[in-house]
A.B. asks: 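I have a structure I would like to understand better, so I am pasting it below and will then ask my questions one at a time.
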Amino acid sequence: MKFKEWARSGCVATESAFPLSAAQRAATVRITSRRTLETVMLLSPDRPLLPVADARAILARARDEEEPEVYAGVSLLLLAGLRPREVEELRVGSYRPVTRQLDAAALRPRTIRIAPSAAAAVDAYLATQVIDPEDYLLPGMRSTRLVQLVRRVAAAAGVEAGVHELRRVAVGAVLDDGTPVHHVELYFGMTKTSVRNGLTVVREGYDVGIADVLEATFA
């Protein structure tokens, strides 16, 4: 993704202000919101965003897995942009299938609408289970198993990628679509500063728009 495309979404690329070595500083830039002056994402020329085609291949390979839970987990990483820890900590009661709403509370608490394909993947998995609202939504994805499964599925798809690459490419796709940065921050749980201080207005249904972008890009 070109930096001018990020700038169009209200971001600028600057040298990282984080405490890095000289070599790291030379190879790292940060994407910073023009609106909030807060870092949205770190990018490195040596670690570009995962190509969309590769992300789609991983999702397609996960769909072919014998365990529906694997497809559900990969879908939540890519089609909802959740952090690995957030996927691990989800409870059955965190998900409302009728409205496609999900409470992600492990790091930045928020309620978001997720892409239809992600909801369908979770629904298909839950249909095979006897569940309680307090149960973990995807118990087989806890600890290091989610990380291991994603790498295995990616390798089977002929792609070298992990859990964090899926979230990063999801964020990149939404920013590239021109979504306002403060909406991106809220959806992906990056920051609440601008909204908390009343500096920005959150458009009603913003999460539906983001879910639609993720659906159209990857599903």
A.B. asks: Does any N or O in the side chain of D177 come within less than 3.5 Å of the main-chain N or O of T179, such that one atom is a donor and the other an acceptor?
C.D. replies: no
A.B. asks: Same cluster or not: V147 versus L77, using hydrophobic residues (I, L, V, M, F, W, Y) connected whenever any side-chain heavy atoms lie under 4.5 Å apart?
C.D. replies: yes
A.B. asks: Can you see which heavy atom on V169 is nearest to which on F218, and at what distance?
C.D. replies: O-CZ, 3.7 Å
A.B. asks: Which class fits the ring pair Y206 and H183: parallel under 30°, tilted 30 to 60°, perpendicular over 60°?
C.D. replies: tilted
A.B. asks: With sequence neighbours excluded, tell me which residues meet salt bridge (Lys or Arg N to Asp or Glu O under 4.0 Å) with R113.
C.D. replies: D207
A.B. asks: Closer than 4.0 angstrom, basic N to acidic O: yes or no for R91 and D103?
C.D. replies: no
A.B. asks: Less than 4.0 Å between a side-chain N and a carboxylate O, is that true for R110 and E185?
C.D. replies: no
A.B. asks: Looking at every non-hydrogen atom in both residues, tell me the closest pair between G140 and L149 and how far apart they are.
C.D. replies: O-CD1, 4.5 Å
A.B. asks: What closest approach, in Å, do A154 and A161 show between heavy atoms, and which atom pair accounts for it?
C.D. replies: CB-O, 3.7 Å
A.B. asks: According to a hydrophobic-cluster definition based on side-chain heavy atoms being under 4.5 Å apart (Ile, Leu, Val, Met, Phe, Trp, Tyr only), do V202 and I114 belong together?
C.D. replies: yes
A.B. asks: Between R83 and E89, does any side-chain N to carboxylate O distance fall below 4.0 Å?
C.D. replies: no
A.B. asks: Nearest heavy-atom pair of V153 and R61: which atoms, and what distance?
C.D. replies: O-CG, 3.6 Å
A.B. asks: Counting only heavy atoms not in Q129, do more than 12 sit closer than 6.0 Å to its CD atom?
C.D. replies: yes
A.B. asks: With a cut-off of under 6.0 Å to the ring centre and 45° to the axis, is R142 in cation-pi contact with Y136?
C.D. replies: yes
A.B. asks: Under a 4.0 Å N-O cut-off, is there an ion pair linking E215 with R100?
C.D. replies: no
